[in-house]
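Report on the following structure.
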Protein chains: 2
Amino acid sequence: MTAPKPGTTVRGSQTGRPIMAVLDLLGRRWSLRILWELHMSGPSSFRDLQRLCGDISPTVLNTRLAELREAGIIELREKGGYAITGLGLELGAVILQLGDWAERWAGSMEVGGPGEKTGLATKGRNGKKTSRRDS
Amino acid sequence: MTAPKPGTTVRGSQTGRPIMAVLDLLGRRWSLRILWELHMSGPSSFRDLQRLCGDISPTVLNTRLAELREAGIIELREKGGYAITGLGLELGAVILQLGDWAERWAGSMEVGGPGEKTGLATKGRNGKKTSRRDS
DNA sequence: GGTTAATACTACAAAATATGTAGCGATACG
DNA sequence: CGTATCGCTACATATTTTGTAGTATTAACC
């Protein structure tokens, strides 16, 4: 009920071009990560996914899952929980390539990335209880 | 100074695995879109990019550009403005595939997607002045 | 030289999203 | 029954994004 759809107006675009809806959907926080984890671990329960994503809050997780489901990329099965659909598998192949690219990227960063700066990462409201695992 | 880097703690992950940093970076709003537009239009000025993304606010645009630059995916040239780096080109190839997938996705949505629901899209603070173009 | 027009951003308040924690109703097990 | 886990909602707080205005710089143009 909130997922962008081809043929409609989405964030930053009114032409209805499919790619724009995809970019909007996948550009939302946690979308890519959820898809990645589902691809790596196979069908997972809500709570499993939550843990796989480093104890993401159930609120966003549920929102993203609903969107992804509405887009037909994943589905909720009677048994096994959330799983990638046939359509989603094709998308997954693309996402997997991100993994390969990430490795090359990491390599080139080491030697002498453009930055060389310290590169902080995430802040996190407080240093209290960041997750223990992340798959 | 805010871009996630391989080997560090990023949103939802502490293992330092490159893919996690990539998923964090690309999962931020507008990252994918900016890369897409840059790939489609070639080197572009700040203002061009802003227009290409449907009149995105300069604040986020600048933030994302800085992150992408820090990650070595794009660079700011003396002449021509923002452009994709060699490393970024490889990533771009992956993003381009999203376009192909999007077309197939659109097709399967038409016939009888799982949703069939109305699928709202973006809200936008007010209906005032949504952008006129989107590339 | 002075004016006008772009461009690249920054400032800042307001609105949208995400986060974290608690908890509810529904099984599942002993 | 008592206890556990699961899927997910409520809700207050924190973080991000938006939108708009404005500053500083450079490039014509007259």
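We name chains A, B, ... by the order of the sequence lines, and we start the count at 1 in each one. Model, not experiment: these values are computed from the prediction. Keep in mind that the numbers below use all heavy atoms, side chains included, and drop hydrogens, waters and symmetry copies.
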* For the pair B:E75 and B:R77, find out whether any cationic side-chain nitrogen is under 4.0 Å from an anionic carboxylate oxygen. =>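 Looking at B:R77 together with B:E75, the answer is yes, because their closest N to O distance falls below 4.0 Å.
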* N-O pairing of B:D24 and B:R28 below 4.0 Å ->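 Salt bridge present between B:D24 and B:R28.
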Nearest-Å distance for atom pair [atom1]/[atom2], residues [X] and [N]:
X     : N      : atom1 : atom2 : result
A:E78 : C:dT27 : CD    : P     : 12 Å
A:D55 : C:dG20 : CG    : C1'   : 11 Å
A:L49 : D:dG7  : CG    : P     : 9 Å
A:L61 : C:dT21 : CG    : P     : 16 Å
B:R11 : D:dT15 : CZ    : P     : 11 Å
B:R51 : C:dA8  : CZ    : C1'   : 12 Å
B:K79 : C:dT7  : NZ    : C1'   : 15 Å
A:R33 : C:dT19 : CZ    : P     : 12 Å

Quiz: residues 87-94 of chain B side-chain donor-acceptor pairs under 3.5 angstrom, not counting sequence neighbours:
from	atom 1	to	atom 2	distance (Å)
B:E90	OE1	A:R104	NE	2.5
B:E90	OE1	A:R104	NH2	2.9

Does OP1 or OP2 of [N] have a side-chain N or O of [X] closer than 4.0 Å?
X     : N      : answer
B:W30 : D:dT16 : no
A:R29 : C:dT19 : no
A:R64 : C:dA18 : yes

* How far apart are the C-alpha atoms of B:M20 and B:Q14, what are their side-chain angles, what is the distance that settles it, and do they pass the side chain to side chain contact (heavy atoms under 4.5 Å, CB included) test? -> CA-CA 9 Å; B:M20 292 301 157; B:Q14 315 201 97; over 6 Å; no
So which protein N/O to nucleotides 8-11 of chain D N/O distances come out below 3.5 Å?
from	atom 1	to	atom 2	distance (Å)
D:dC8	OP1	A:Y82	OH	3.4
D:dC8	OP2	A:Y82	OH	2.5
D:dC8	N4	A:R47	NH2	3.2
D:dT9	OP2	A:N62	OD1	2.3
D:dA10	N6	A:T59	OG1	3.3

* Roughly how far, to the nearest 0.5 Å, is the CD1 atom of B:I95 from the CD atom of A:Q97? ->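 Answer for the CD-CD1 pair, A:Q97 versus B:I95, is 11.5 Å.
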* Would you please test A:Y82 and A:D48 for side chain to side chain contact (heavy atoms under 4.5 Å, CB included) and show each step? => CA-CA 10 Å; A:Y82 292 91; A:D48 279 345; over 6 Å; no
* Asked: Under 4.0 angstrom, heavy atoms only, what part of the nucleic acid is A:S57 near: base, sugar-phosphate, or nothing?
  ->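 Base: the residue A:S57, judged by heavy atoms under 4.0 Å, touches a nucleobase.
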* N/O donor-acceptor pair under 3.5 Å between B:Q50 side chain and B:I56 backbone ->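 Present.
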